[in-house]
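Worksheet: one structure, shown below.
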Amino acid sequence: QVQLVESGGGLVQVGDSLRLSCIVSGRSIVNYYMGWFRQFPGNEREFVAAMAWNGARTHYADSVKGRCTISRDNAKNTVFLQMNSVKPEDTAVYYCAADSVGIEVARPAAYEFWGQGTQVTVSS
C-alpha cells in the first residue's frame with residue numbers, strides 16, 4: 001500500500017499563491033509517477049500536473065501551465081503543487097495520486113493510490 005495525505009488547501013483570494021503538499025508513506029515509490037488532480041462540483045476528476053518521482057519528466061494541464069509547478073522533496077517523501085495567480089476557476093478539491101506504471105499519467109483511472117483530497121476555494 002501507498003498512503004497519501006494532502007494538506008495546504010484553504011480559502012484564498014484571486015491572485016494569491018498557494019502550496020499544496022502530499023506526504024507519501026508505505027511501499028517505495030521511487031519508480032512511480034505522482035499526480036495532482038482536481039474535481040469541480042458535479043464534474044469528473046481532471047488532470048492538473050504529474051511528475052516522475054525521480055524528476056525526469058513533468059506534465060501540466062494547459063489550464064495551469066505557467067501558474068503551477070509540481071515538485072518533490074525526496075528526503076521528506078513529499079510532493080508539492082505550487083499554485084500562483086490563482087483564479088476562481090481553480091476552486092476545487094485537489095487530490096494527490098500515485099501511479100506505478102507511468103504510461104497514462106493524465107488519466108485518473110491510471111492511478112492506483114489516492115489521497116483524501118484538500119479543498120481549495122478562490123474568492124473573487
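We count residues from 1, following the sequence as given.
Taking both residues in full, the closest heavy atoms of Gly8 and Thr118 are given as N-OG1, 4.2 Å, listed atom of the first, atom of the second, then distance. Contact record, Leu81 with Tyr94: CD2-CD2, 4.1 Å, taken as the closest heavy-atom pair. Of all heavy-atom pairs between Ala98 and Leu4, the closest is N-CD1, 3.7 Å. Of all the heavy atoms in Pro88 and Ser124, the pair that sits closest is CG-CB, 3.7 Å. Nearest approach of Asp62 to Lys65, heavy atoms of both residues: OD1-NZ, 3.3 Å. Pairing each heavy atom of Leu11 with each of Ser123, the nearest pair is CD1-CB, 4.3 Å.
Here the CD1 atom belonging to Ile29 is positioned 11.5 Å from the CZ atom belonging to Arg27, to the nearest 0.5 angstrom. In this structure, OG1 in Thr69 is found 11.0 Å from CE in Met51, a value given to the nearest 0.5 Å. Atom CZ of Phe37 and atom CD of Gln39 lie 11.5 Å apart (nearest 0.5 Å). With values rounded to the nearest 0.5 angstrom, Leu20 atom CG is found 10.5 Å from Phe80 atom CZ. How far CZ of Phe47 is from CH2 of Trp36: 13.0 Å, rounded to the nearest 0.5 Å. Separating the OG1 atom in Thr91 from the CD atom in Gln119 is a distance of 7.0 Å, to the nearest 0.5 Å.
Under the 4.5 Å side-chain heavy-atom criterion for ILVMFWY residues, no single connected hydrophobic cluster contains both Phe113 and Tyr95. Under the 4.5 Å side-chain contact rule for hydrophobic residues, Val48 and Leu18 share a cluster. Taken together through direct or relayed side-chain contacts under 4.5 Å among Ile, Leu, Val, Met, Phe, Trp and Tyr, Tyr111 and Tyr32 form parts of separate hydrophobic clusters. There is a path of hydrophobic side-chain contacts, each under 4.5 Å, that joins Val12 to Val64. Put simply, Val14 and Val120 are part of the same group of oily side chains (I, L, V, M, F, W, Y) that touch within less than 4.5 Å, one to the next.
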Could you go step by step and tell me if Tyr33 and His59 meet the ring-ring contact (aromatic ring centres under 6.0 Å, His included) rule?
CA-CA 10 Å; Tyr33 253 80; His59 310 269; 5.8 Å; yes
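Looking at Thr78, its side chain never comes within 3.5 Å of a backbone N or O of Ile23 through a donor-acceptor pair. Listed for the Glu46 side chain is no donor-acceptor partner under 3.5 Å among the backbone atoms of Arg38. Using a distance-only test at 3.5 Å, with no hydrogens or angles considered, a donor-acceptor pair links the side chain of Glu6 to the main chain of Cys96. Between the side chain of Arg67 and the main chain of Ser63, a donor-acceptor pair closer than 3.5 Å is present.
Each of Asn74, Asn77, Asn31 was evaluated against Trp53; a single residue qualifies, Asn74, per the side-chain hydrogen bond (donor to acceptor under 3.5 Å, both in side chains) test.
Side-chain atoms of Arg72 and Met34, non-hydrogen and from C-beta on, never get closer than 4.5 Å to each other.
Looking at Asp90 and Lys87, no side-chain N of the basic residue comes within less than 4.0 Å of a carboxylate O on the acidic one, giving no salt bridge.
Under a cut-off of 6.0 angstrom, the local environment of CD in Gln116 is crowded, with over 12 non-hydrogen atoms contributed by other residues, nucleotides or ligands.
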